[in-house]
Amino acid sequence: MSNTNSSESVRITGFKVQDIRFPTSEAQHGSDAMNSSPDYSCAYVTLETNQPGLRGTGLAFTIGRGNEICCAALHAIAHHVTNRTLASITDDFAAFSRSITADDQIRWLGPEKGVVHLAAAAIINAVWDLHAKDCGMPLWRLLASMSPDEIVNCIDFSYITDALTPEEALHMLQTMEPGKKEREQILVENGFPAYTTSVGWLGYTDEQVVQLCEDAISAGWNHMKMKVGRSLEDDMRRAALIRESIGSDRLLMMDANQIWGIDEAIEQMSHLAAFNPFWIEEPTSPDDILGYGRIADAVRPIRVAAGEHCHNRIIFKQLMQLGAIDICQIDACRVAGVNENLAILLLARKFDIPVCPHAGGVGLCEQVQHLSMFDFIAVGGSMENRMIEYVEHLHEHFIDPVRIERGRYIAPSMPGFSIEMKAETLLAYEFPGGPVWHRRVS
Ligand SMILES: [Mg+2]
């Protein structure tokens, strides 16, 4: 790969996994129709190298109990990276990604879904973090500087060539080469549009919601999302309050977090349509592709959004082929990391579906910003109807936290994937022995 500096001599020598949890359930941050009291957590992996000070970090996001299972899965696939040179991975990135997702014994636990896929994401993203640091670039810029051939060589096209072939992907990327420099300039000067979910968690009181809307507007936010699905009466009351607070021109998104059946989703949205939602997110089970198709047909012009629980590129492909989603919500660490997300970005481009990443959690905003910025420069080429989710919690734990100005993400400049946490955070929040947990569980 042309951007490598020292990757020939960089060798991954060590592998460390930590179970990191934040007691967010105590203030109802992150509460929605399906997840009433999440403790935002992550299985956090560090790749040590033979180069002083150079390491890669990645994480698998979970919401508390079971985080230890992700940590165990990371140990089960660690042998795919340890004692390898960075160049041996980046020279054939698709083969590396496939070596993990197609590991002939591990594959039985998925395939390409669930805990083992979350662990694959953490390791693959840690390698990208290491690679970007080694190249001295933020990840979005590293990806944008790669040639169309190099990008295509990162992608495992298995099971998606009926929708997207490597040749088509290459052609789409080649057509975007002119104008990349201009779009990079626009991005650096203006940032990338975002929306906030911090106003509308289900566990908040009406007074809290109104105050948060007012605060968000004065901070420059124009797009907000509320959680729905626990009770129609409550949803109608809260939607009316939010609409009144934000006015008719600002966008209001709704997120049901999979709580409804198909007919129920269609019925509920017939009432909630009165508040002019821009999209309804995850109206039903993420596995019900035909159900999504029925809902999308029934609720138009309201858009249907999904992706944060889509297992892999194959599910995204089917949702897009069927016209069952209007907004593609990639997640940095639900699918197998950067490589699989490159496939999904290209599928979205092929089907002309805007990408609005899922974020929030812990470390998700930090990661997905890089993918959206690359998408703008080299794949989708547009910011129209594109927005990155933003949730305000837990950024203080990162060495290179997201920067938001007037409702937009500012392009990161520090080398890497912005995933690395502060040493004091890792000490304090490690479960169950760190001081934050020791006093809670003892
Ligand atoms: Mg959601």
Side-chain angles (χ1 to χ4, degrees), residues 12-32 35-49 52-78 81-82 114-127 129-130 133 198 201 203 331-334 337 359-368 391-402 414 416-442:
I12 297 166
T13 51
F15 184 94
K16 185 177 181 191
V17 178
Q18 287 164 286
D19 184 336
I20 305 297
R21 305 190 192 192
F22 301 90
T24 46
S25 61
E26 291 170 8
Q28 288 281 286
H29 303 321
S31 52
D32 61 49
N35 312 292
S36 58
S37 54
D39 283 331
Y40 282 167
S41 304
C42 63
Y44 184 88
V45 60
T46 304
L47 305 178
E48 302 289 354
T49 73
L54 181 64
R55 60 182 170 267
T57 59
L59 60 82
F61 170 63
T62 79
I63 62 170
R65 288 186 296 279
N67 201 50
E68 71 277 12
I69 305 174
C70 260
C71 292
L74 276 162
H75 285 292
I77 58 176
V81 284
T82 45
V115 173
V116 288
H117 218 44
L118 301 183
I123 289 199
I124 290 169
N125 287 340
V127 170
D129 179 56
L130 177 62
K133 286 172 176 166
S198 292
W201 299 113
D331 181 291
C333 45
R334 169 70 57 187
V362 58
L364 300 183
C365 299
E366 274 69 19
Q367 293 173 79
V368 288
V391 176
E392 65 189 17
H393 309 296
L394 306 175
H395 302 293
E396 66 276 19
H397 298 293
F398 289 85
I399 286 173
D400 183 23
V402 290
M414 196 182 282
F417 200 178
S418 311
I419 319 179
E420 192 169 350
M421 285 186 179
K422 294 176 179 169
E424 58 265 34
T425 290
L426 296 171
L427 279 175
Y429 290 88
E430 185 153 17
F431 184 88
V436 167
W437 288 107
H438 189 66
R439 63 172 178 265
R440 285 178 167 83
V441 296
S442 60

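Just so you know, these numbers use all the heavy atoms, side chains as well, and skip hydrogens, waters and symmetry mates.
- T49 contributes a side-chain N or O that, together with a main-chain N or O of L54, makes up a donor-acceptor pair within less than 3.5 Å.
- L74 pairs with exactly one of V17, V115, V116 by the side chain to side chain contact (heavy atoms under 4.5 Å, CB included) rule, that one being V17.
- Here the closest heavy-atom approach between residue G433 and residue H438 is recorded as O-CB, 3.9 Å.
- Taking every heavy atom of both residues into account, F398 and G363 meet most closely at CZ-CA, 3.3 Å.
- Between the side chain of N67 and the backbone N or O of A43, at least one donor-acceptor pair lies under 3.5 Å.
- In the displayed structure, K16 atom NZ is contacted under 6.0 Å by at most 12 heavy atoms of other residues, nucleotides or ligands.
- Rounding to the nearest 0.5 Å gives a distance of 9.0 Å between CG of L426 and OG1 of T57.
- Residues I12 and E48 have side chains not in contact (no heavy-atom distance under 4.5 Å, counting atoms from C-beta outward).
- Taking the side chain as every heavy atom from C-beta outward, E420 and E366 never approach each other to under 4.5 Å.
- The heavy-atom pair separating D129 from S418 by the smallest distance is OD1-N, 4.2 Å.
- One distance of note links OH of Y44 with CZ of F61; it measures 16.0 Å at 0.5 Å rounding.
- To the nearest 0.5 angstrom, L394 atom CG is 9.5 Å from C42 atom SG.
- Note that OG1 of T62 is 11.0 Å distant from OH of Y40, once rounded to the nearest 0.5 Å.
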*Do R334 and L118 pass the side chain to side chain contact (heavy atoms under 4.5 Å, CB included) test, and can you show the C-alpha distance, the side-chain angles, and the key distance before you say yes or no?*
CA-CA 6 Å; R334 169 70 57 187; L118 301 183; 3.9 Å; yes
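- Between Q367 and F417, the shortest heavy-atom contact is O-CE2, 3.2 Å.
- Nearest approach of A119 to C70, heavy atoms of both residues: CB-O, 4.4 Å.
- At a threshold of 4.5 Å between non-hydrogen side-chain atoms, the residues R21 and R440 do not count as touching.
- Note that the CG atom of L59 and the CD1 atom of I123 stand 12.5 Å from one another [nearest 0.5 Å].
- Using cut-offs of 30° and 60° for the angle between ring planes, the Y429 and H397 rings count as perpendicular.
- A side-chain donor-acceptor contact under 3.5 Å links N125 to the backbone of A332.
- Partner of T24 under the side chain to side chain contact (heavy atoms under 4.5 Å, CB included) criterion, out of V362, I63, D39: D39 alone.
- Among all heavy-atom pairs drawn from S198 and E392, the shortest one is OG-N, 3.1 Å.
- One finds the CG atom of D19 at 10.5 Å from the CD1 atom of I69 (value rounded to the nearest 0.5 Å).
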*Hey, mind stepping through K422 and I399 against side chain to side chain contact (heavy atoms under 4.5 Å, CB included) and telling me if it holds?*
CA-CA 6 Å; K422 294 176 179 169; I399 286 173; 4.2 Å; yes
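- K133 contributes no side-chain N or O that, together with a main-chain N or O of G56, makes up a donor-acceptor pair within less than 3.5 Å.
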